[in-house]
Structures are given as C-alpha cells and as structure tokens.
Novice: 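Once you've had a glance at the structure underneath, I'll fire off some questions.
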Amino acid sequence: MNEWLLLVISVALLGGIIIIGNIIRKMQKNKKIPMYGILIFGFAAAIFVWCFGALYLEGERQPADGVCDFFLAVQSTFRIFAMDFDYDFFNGLLQSENKLVKDTYAVYTSILLAVAPILTLGVILSFFNEVAAFFRILFSFGRRFFIFSELNSESLAIAKSCIQEGENTNQKVLIIFTDVYKEGGETLAEMLQEARALDAICVKKDILSVNYFIRWKKKLCEFFILGQNENENVRHTLALVKEYYNCSHVKVYLFSECKVEKILVNAMIHPDMKMKVRCINLKQNLIYNYLYRNNLYSYVAEPMNTGEKQIFSIGIAGDGTYTRELVKALVWYGQLPEYDLQIHIFDESGTMEEEFRNEYPELMQRNNVYEAGEARYSLKFHPFGPGTDSYSETLKAMESLSILYMMYERDEKKNIRFGIESDRILKRKDKDNQTKVICLICDMAKKEILQRENAQADRIYLKDHKGNPYNLEFLYQELSYQYIFESKLEREALDEHLKWSSLSTREKDTEDFYNFDYFYRSSVARVIRVNLRRRMYVSGMEKGNENRTPEEKRKLRETEHAGWNAYMRTEGYCYGTERNEMLKFHPDLIPFDLLPEKEKNKDDD
C-alpha cells in the first residue's frame, strides 16, 4: 500500500513540475526554459522520490542517513557531468534488495551517463560563445554599434538596413542581438541563421547586462528597444538613460505606440542630458509616409456630384491602432475645397465609435456638420465587418467608393481573403467598378514573398489560377534605418518646425521636435497637407506667396485652416477661449472668418 502511495506521489510530482514549468514558460517571453529541460528535471525528481522513498519504507535506509545520501548524490552528479564516471561504479552505489528499485536506478543511471556528456559540451560551447562575444565587442575599435533588445523579425529587418547605413557613411558596424535563447523552435533557428549571415553577435544576456565598453572607447552606439513586453522596454530605456546619461555618442530608440510610455520617456529627458532618447511609433510612421508618398485622390474615377463639391468616399475594415491612425489621418488629409470626405469604418467589435467620442469629443461633435471655413467630413461607423450579410449589403449600396482598406493587424490572410471577397462583391454589382482595394501587410516574410511576384518593389500583385491579377494593392511596413530615421518626410517636417525657430534656439527646437509628439506630428501633418495641395495643383500652389492673387491666398489659407482644425481635433483638442495644453483647449478651433487677421496668414506656404 505504501509503495502504491509512493508511486502516486512520484507521478503527481512529475505532473506538477510539468504544469508549473509550462506556466513559467508562458509567463516568460521567448520561452526561455526549454520543454526538454522541464521533462528531464521532472523525471529525475520523480525517480529520486521513488527510489529513495522505497528504500526508507523498507527500512534499508534511516531518515538520519538522508543528509549523507543527498551530498553523495550531489558529488556523484558532479563527477558524471565532469565525465569522470564508470557505469559499474555508479550502479553499485545503490545497495538494495528491491528489484524494482534496482532496475529503476539502473535505467536512470544509463540515461544520465549517456546525456551528461552532451549537456556538458553544450555548456562549454555556450561559455566559449559568450567569451568570444566579449572579446569581439572589446576589440571592435572604430565600429558603430547597433544593439537590439531582442532577436525578432523587426530587429532583423532594421539590422540589415543598419549595415547599409554603415556602407553609406563609410563606417564599419557591429550588430548585437541580446536576450537571445537558442531553444526557440524552427522560427528562432531561422532568425539565428540570418543573424549569423550579418556577422552579428548573439548573446543570452539582456541588453542591460552586456559590457559594451562604450564610455572609454567613445563608440557611436545606438540601442533599439523593441521587445514585446512594454513594461520591460520602459525599464530597459530608463536603465540605459541612467547608465549613459552623459554620453553624447549614445542614442536610445524606444519603439512604442503607447502614450503612457511616451510620457515616461519625456519625463526622462533633462536639458543637461547629453545622450539622445527618442520614442518611435512604427504604425503612425507607416500611415504618415503612405499619405506623403501617394495622392489618394487619383483613385477618384468618376466622383458623384453633390452641388459644387464631389464626394471622396473611403471604406476601412479593421481593428487596432492601424485602423484608428488611418481614420484620424484621413480626416485632416482629405480637406480639399472641391471634395466632401466620407469615411465608412467597419468595426466588428462595435466599440470604436464610443472610443472616438471619448478621446476626440469635438471631432465627433463636428461630424457631418458642414460650415464655411471649417473642416468637412462624415464618419460612419458600422458595427459589423467583412464576411457578414450586413457588410455585403452595405458595400453594394455604396456609390462612388474610391478606396477600400483591409487593416486587420497581424492577420494578412484575413486582409487578403476579405480584400478579394470585397472586390468580387463590387465587381458583381458593376463589372467596371474601379474601387481600389488595399490590404495591410505586417509580416516581413510575407512582404518579401509578395514582392518577388513583381519586379517593382512598390507594386505587389496576387494572381488567380489563370494568372489574372487580383485588383489588390498592399500597404506594408517598411523597416529600415533610412525609412525610420532619415525619411524625406521627416526632414521636411523638421524644416517646417524650424521655420518658427531663431538661431539661438535652433538646437533646442530640433531636440523638441524629436522629443515631443505635439511638435513632431503637427509638422508632419502640415507637410503632408501642403504636399497634397501641390500634387492636386490647387490654384496658387505653383506660385510664391507674394505672386498669388488675394483670392488664391484666401482659398489656400482657408484650406490649410480646415486641415489644421481637423488635425487638432484628431489629437483630442477642443475649442477654448484660452490655450491650455494640459486640458487640450485652443482658441483658434473656429471657422476661418472668425480668426484674428494675424492668425489667418500665419501659415502661408
């Protein structure tokens, strides 16, 4: 009976270790604890309890002998992993007449003696890998360091472009990936292979634990914090700020879309700090650069007339940040005097409209309100998505739909499938339908596959079984150093921001542009609006301000004010008699004719 109880306890111990181990693995990013390690530990613990428990139950060993048994077991384990072992010797250590216990111990000893050399070799190789990484970093004189907090598809894509950046600037570079555990399955193995192809260093330590010898070697060093755990990202950024506060050759980039993290980063910045810290919102960058590069009004084939204006109608199906950022940006992007903007948002969750009313109250209050000298737009939220009858019927009923976006995050299959289905619905209604369907692609591997379908990198096509291309275009994230940090849009936006700067404050104003979202986004949005007016050949844009007629000046000023009003409302601002940044009040959120004369001509192009 006691033996059966001992067996149940041993099995329960094994099951408990496996369950607890899996819970810990799920809590840890990258599953740092390998599954085979949990199984080995569980079986070893269960066999230990079974064998020695059986001996104590039979009276062959006394409880007082337990301490001696434990230390002998530790000493024997060290000898096994030091490869100083003999099977007969270790098998003879167990003195018992219980055949089941002896057989169990013999099998366990055989397995351990076979596995020990492999594990020992792995530890030795891992040690030498860390030592090799240490010396490579130590003796990398004159190299520009690019250090990543994790090894993932995003960091790999940026790392590849960093090498190109080094070639463009005639600098040798060193790529370092931290927090890399090789027990991560096939995907991680493929990424490790790509990292080796870049001659990158991969270390197990996290980004804070590696000695980069930055202070005394004065290396130009850039840290990229782009892990999945946002709390850990902030912790890493804060620790790096403390460590390299006075190092002017150090830059830290925190990749995040969270407003709270940006506030925390701004709180770290001090006028005396020499290092550079910047928060990067990749999703917002994607939307802004897309609008800057493209003239969406070129998709308006035969717009429907409504009085003196034409309708520019857009549909967006999706969830998450990409959808929200696109809706907000299109509101201020679409403020041209000849058009009325309509945006249909297909939101399966049914919560986005309420979120907009809460975060952008005046934007929603002005929805469908048409007033001279003000932003004009119509936002229609539909509480259903593609794949439903309601969606199909709504799509059929739309007239002059110019663009339809599929913006589901991290679900390219869904975007492409619903994009093809939506195009089919529109074509069945009208075979000559010209609605452009655009699908979001986030996965870097899928982007590369799609790009190989066409020699032109900016045009991607999918084909049916007969080779006919689907009427789809793709919006994809471009992860490169040049795109993120040195884009033409960003340079023009900085110039726009510095138009208000004096020579004495130019350096500080440049830092403010990068450090504070208000300056960065407002300048970017203005550049995009001005660029669109040039593309659309709005009257007067081809001339300097001094050569424009009074009518042209008024029209351009009124158009810019309407776009600015829309932009400020998408940032959560409301009208207030006095400007208050904390409460987001601004006195200029009024129709153009009500502005003071000084404010009317402030933004002449």
Novice: Under 30°, 30 to 60°, or over 60°: which ring-plane class applies to Tyr481 and Phe224, parallel, tilted or perpendicular?
Specialist: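 Rings of Tyr481 and Phe224: perpendicular, as their planes differ by over 60°.
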
Novice: Kindly indicate, with the supporting measurements, whether the criterion side-chain hydrogen bond (donor to acceptor under 3.5 Å, both in side chains) is fulfilled by Glu222 and Tyr253.
Specialist: CA-CA 8 Å; Glu222 298 178 53; Tyr253 303 114; 3.2 Å; yes

Novice: Are Lys414 and Tyr408 in a cation-pi contact, defined as NZ or CZ under 6.0 Å from the six-membered ring centre and within 45° of the axis?
Specialist: yes

Novice: Is any side-chain N of the basic residue among Lys584 and Glu571 closer than 4.0 Å to the acidic one's carboxylate O?
Specialist: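 Result for this pair is no, no salt bridge flagged.
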
Novice: So, for Phe148 and Phe177, is the gap between ring centers shorter than 6.0 Å?
Specialist: yes

Novice: Can you name the nearest heavy-atom pair linking Ile225 to Ser149, along with the distance?
Specialist: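 Between these two residues, the closest heavy atoms are CA-OG, 3.6 Å.
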
Novice: Show the nearest heavy-atom pair for residues Met352 and Ile345, with the distance to one decimal.
Specialist: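 Met352 and Ile345 have their closest heavy atoms at SD-CG2, 3.8 Å.
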
Novice: Before accepting this row, confirm whether a basic side-chain N of the pair Arg534/Glu492 lies closer than 4.0 Å to the acidic partner's carboxylate O.
Specialist: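 Salt bridge flag = no for Glu492 with Arg534.
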
Novice: Kindly assign one of parallel, tilted or perpendicular to the pair Phe519 and Phe516, based on the angle between their ring planes and the thresholds 30° and 60°.
Specialist: perpendicular

Novice: Go through Asn168 and Gln164 one step at a time and tell me if the side-chain hydrogen bond (donor to acceptor under 3.5 Å, both in side chains) criterion holds.
Specialist: CA-CA 6 Å; Asn168 294 340; Gln164 183 63 47; 3.0 Å; yes

Novice: With the threshold set at 4.0 Å, does a side-chain nitrogen-carboxylate oxygen contact exist between Lys508 and Glu511?
Specialist: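 Looking at Lys508 and Glu511, the cut-off is not met.
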
Novice: Please check if the number of heavy atoms outside Glu581 that lie under 6.0 Å from its CD is greater than 12.
Specialist: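 Counting neighbours around CD of Glu581, more than 12 heavy atoms of other residues, nucleotides or ligands fall under 6.0 Å, so yes.
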
Novice: Decide, yes or no, whether a salt bridge links Lys283 with Glu325 under the criterion of side-chain N to carboxylate O below 4.0 Å.
Specialist: no

Novice: Between Arg557 and Glu560, does any NZ, NE, NH1 or NH2 come within less than 4.0 Å of an OD or OE carboxylate oxygen?
Specialist: no

Novice: Can you classify the ring geometry of Tyr297 versus Phe312 as parallel (below 30°), tilted (30 to 60°) or perpendicular (above 60°)?
Specialist: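 If you compare the ring of Tyr297 with that of Phe312, the planes turn out tilted.
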
Novice: Which is it for Tyr520 and Gln284 under the side-chain hydrogen bond (donor to acceptor under 3.5 Å, both in side chains) test, yes or no, and what are the steps along the way?
Specialist: CA-CA 12 Å; Tyr520 183 88; Gln284 197 172 76; over 6 Å; no

Novice: So does Lys328 pair up with Glu359, basic N to acidic O under 4.0 Å?
Specialist: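 Salt bridge flag = no for Glu359 with Lys328.
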
Novice: By side chain to side chain contact (heavy atoms under 4.5 Å, CB included), which residues pair with Glu353, not counting sequence neighbours?
Specialist: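 Side chain to side chain contact (heavy atoms under 4.5 Å, CB included) check on Glu353 returns Arg357, Met364, Phe381.
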
Novice: Parallel under 30°, tilted from 30 to 60°, perpendicular over 60°: which one fits the rings of Phe223 and Tyr244?
Specialist: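 Plane angle under 30°, so parallel.
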
Novice: Assign the ring pair Trp332 / Tyr567 to parallel, tilted or perpendicular, where the plane angle (0 to 90°) is split at 30° and 60°.
Specialist: perpendicular

